[in-house]
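Take a look at the structure below.
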Amino acid sequence: MSTYAAIHAVVCQIPLGKVATYGQVAELAHLPGQARLVGYALYLIQAQTDQVPWHRVINAKGKISYSSARQGMDYLQRSLLEQEGIDFSPEGKINLQNYQWHP
DNA sequence: AGACTGACGGTCT
DNA sequence: GAGACCGCCAGTC
């Protein structure tokens with residue numbers, strides 16, 4: 001069981017309409033405090049977006065994390081989340097109080 | 001082998 | 001409340 005497989009599994013458990021932070025996913029994947037690995041793991045599973053709802057993972061500030069790889073594709077994640085009923089503030093932030101996943 | 005980089009988080013100022 | 005700094009692991013040069 002690679003570390004990425006654990007992260008992969010946790011992300012798949014995030015229910016529709018909810019979001020989780022990198023730190024939260026890391027903790028659930030038995031990798032406390034290693035949020036960076038979660039980000040890197042998601043970067044690697046880009047190819048399997050059909051199986052992994054990577055768009056439901058955001059940073060602790062409630063905003064979407066941008067990546068050099070995504071570059072102009074940032075709107076994609078926001079778009080997918082809006083489709084699931086998640087409301088964005090004018091600044092592009094998500095209200096974690098209402099949308100954060102509580103397993 | 002050593003150093004740099006990266007979808008982050010928590011703490012300090 | 002916002003910005004700066006440090007630390008964590010894996011992958012690449």
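In what follows, every chain begins at residue 1, and chains take the letters A, B, ... in the order their sequences are listed.
Rounded to a whole Å, the OH atom of A:Tyr43 is 13 Å from the P atom of B:dC8. Remark: C1' of B:dA7 and CZ of A:Arg56 are 17 Å apart, rounded to the nearest angstrom. Here B:dA7 presents its C1' atom at 11 Å from CD1 of A:Ile64, a figure rounded to the nearest Å. Rounded to whole Å, atom C1' of C:dG7 lies 9 Å from atom CZ of A:Arg36. Rounded to a whole Å, the CG atom of A:Leu28 is 13 Å from the P atom of B:dG9. For the pair A:Ile58 CD1 and B:dA7 P, the computed distance is 17 Å after rounding to whole Å. Spacing between atom CD1 of A:Ile7 and atom C1' of C:dC8 amounts to 12 Å, rounded to whole angstrom units. Rounded to an integer number of Å, the gap from A:Tyr22 OH to C:dC8 P is 21 Å.
The residue among A:Tyr40 and A:Gly33 whose nearest nucleotide of DNA chain C is located toward the 5' end is A:Gly33.
Formation of a donor-acceptor pair under 3.5 Å by the A:Glu27 side chain with backbone atoms of A:Pro32 is not found in this model.
For A:Thr21, the listed nucleotide lying nearest its side chain is B:dG9; candidates were B:dG9, C:dC8, B:dA7. Listed nucleotides B:dG6, C:dC8, B:dC8 differ in distance to A:Gln34; the shortest reach to its side chain belongs to C:dC8. Comparing atom distances between the A:Ala60 side chain and each of B:dG6, B:dG9, B:dA7 picks out B:dG9 as nearest.
In this structure, B:dA1 forms no base pair with any nucleotide, since neither Watson-Crick nor G-U wobble geometry is met with both distances under 3.5 Å.
Cation-pi check for A:Arg36 over A:Tyr22 is not met; the charged atom does not lie both under 6.0 angstrom from the ring centroid and within 45 degrees of its normal.
Salt bridge absent: A:Lys18 and A:Glu84 never bring a charged side-chain N and a carboxylate O closer than 4.0 Å.
Between A:Ser65 and A:Ile58, every side-chain heavy-atom pair lies at or beyond the 4.5 Å cut-off.
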